[in-house]
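Throughout, residue positions are numbered sequentially from 1 according to the sequence presented.
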Amino acid sequence: MKKRLQGLIAGALIGTTITGGAAIAANTTTLYDVVANGIKIVVDGKKLNPTDANGNRVEPMIYNGTTYLPVRAVADALGKAVYWDGPEYTVYLGDMDGKLEFPTKYITDLKNISGDDYHILSGDALVDNYGNRYSDGIQIQYSGSEIEYLLNMKYSRFKATLYMREGTVSGTKYIKIIADGKTIYTSPELDKTSRPVNIDIDITGCNDFKIQFFTSYSSGTTTLGNAGFYQ
């Protein structure tokens, strides 16, 4: 017996049609009347039990005669990488040649377990000494401080830009990145004349991820722009 569901779906409704293979996304809040009927998914003769990124069961649905499937579950079954570009409301499946412009998770969206505080930047603090502006940024104040995250091996790359804030007149800074107890990246040392340093490192299979910040004076600030993790 068919079970009818009526719910408020906010944000993006993302699905893949069985007939056309296309994905849809709607950045609206709309009331949908959909049908859930215990729809089964079989891939190469094997039944698929679709779950979301957190392992929770997700239900395929029928809307206006078209069946929609959860993109991540289908991509995983086919051995394809799936990327959700939130700011652009775009789903990527498979190889996308490094074209993803926004991280899967900004660093500010993950829980810092180090105990050291950092500040989320805004306004003029997001401008470097060459006049480049960043859409997102963090700052940590004391030399030797660190931030630490548990990634659960979900991400393949970390990208960020280390920069000197506009108006910096003294001091030097650099960072180290440590994954699972091993140093995997050490930045060059920046001073007031240094150009921003773009960071792009492989973190495939990493769980414990730390960034350590160093400055030439104990209360100096270190700034990262557009820092995030990519699947």
Side-chain angles (χ1 to χ4, degrees), residues 83 85-88 97-231:
Y83 305 88
D85 184 344
E88 295 298 316
D97 294 327
K99 295 176 183 176
L100 188 63
E101 296 181 22
F102 299 93
T104 309
K105 281 283 186 181
Y106 281 101
I107 203 167
T108 50
D109 292 332
L110 293 177
K111 182 176 178 60
N112 169 27
I113 64 170
S114 72
D116 292 337
D117 292 331
Y118 65 77
H119 302 285
I120 300 174
L121 299 177
S122 61
D124 291 343
L126 290 170
V127 181
D128 66 29
N129 55 338
Y130 281 84
N132 302 303
R133 177 172 288 276
Y134 303 89
S135 60
D136 181 83
I138 64 169
Q139 173 181 287
I140 200 161
Q141 183 159 0
Y142 296 102
S143 185
S145 295
E146 68 181 25
I147 51 179
E148 181 177 11
Y149 306 92
L150 296 179
L151 304 183
N152 197 26
M153 297 172 284
K154 288 183 178 179
Y155 306 100
S156 62
R157 305 206 72 78
F158 173 74
K159 298 182 184 182
T161 301
L162 177 66
Y163 67 90
M164 301 296 278
R165 284 177 52 174
E166 187 176 51
T168 299
V169 296
S170 63
T172 60
K173 67 179 68 172
Y174 70 97
I175 66 169
K176 286 185 178 181
I177 296 178
I178 300 169
D180 297 329
K182 181 180 179 181
T183 300
I184 60 173
Y185 175 83
T186 301
S187 77
E189 190 171 272
L190 276 64
D191 62 22
K192 65 181 181 180
T193 66
S194 299
R195 291 188 175 277
V197 174
N198 292 321
I199 301 165
D200 182 354
I201 55 176
D202 187 350
I203 55 170
T204 303
C206 294
N207 181 41
D208 183 50
F209 181 91
K210 296 180 185 179
I211 306 176
Q212 294 180 335
F213 298 84
F214 302 93
T215 65
S216 57
Y217 44 102
S218 61
S219 61
T221 58
T222 308
T223 311
L224 282 176
N226 300 347
F229 301 95
Y230 295 72
Q231 287 186 327

Heavy-atom donor-acceptor pair, Arg157 side chain to Gly228 backbone, under 3.5 Å
no
With sequence neighbours left out, what residues match Tyr155 under side chain to side chain donor-acceptor pair (under 3.5 Å)?
none
Looking at Asn207 and Asn152, would you say the former's side chain and the latter's main chain have a donor-acceptor pair under 3.5 Å?
yes
Please check: side-chain N/O of Asp128 versus main-chain N/O of Glu166, any donor-acceptor pairing under 3.5 Å?
no
Who passes side chain to side chain donor-acceptor pair (under 3.5 Å) against Asp117, sequence neighbours left out?
none
What residue among Thr183, Ile203, Ile199 forms side chain to side chain contact (heavy atoms under 4.5 Å, CB included) with Ile177?
Ile199
Would you indicate whether the side-chain heavy atoms of Ile175 and Ile211 approach each other to under 4.5 Å?
yes
Could you tell me whether Tyr134 and Tyr163 have their ring centroids closer than 6.0 angstrom?
yes
For Ile140, the option from Thr223, Thr215, Thr222, Thr221 that meets side chain to side chain contact (heavy atoms under 4.5 Å, CB included):
Thr222
Should the pair Phe209 and Phe158 be assigned to parallel (<30°), tilted (30 to 60°) or perpendicular (>60°) ring geometry?
tilted
Residues that Asp202 engages under side chain to side chain donor-acceptor pair (under 3.5 Å), provided they are two or more places apart
Thr204
Cation over ring face, Lys159 and Tyr230, 6.0 Å, 45°:
yes
What I'd like to find out is whether the side chain of Ile107 reaches to under 4.5 Å of the side chain of Ile147, using heavy atoms alone.
yes
Check for a donor-acceptor pair, side chain of Thr172 on one end and backbone N or O of Glu189 on the other, with a separation under 3.5 Å.
no
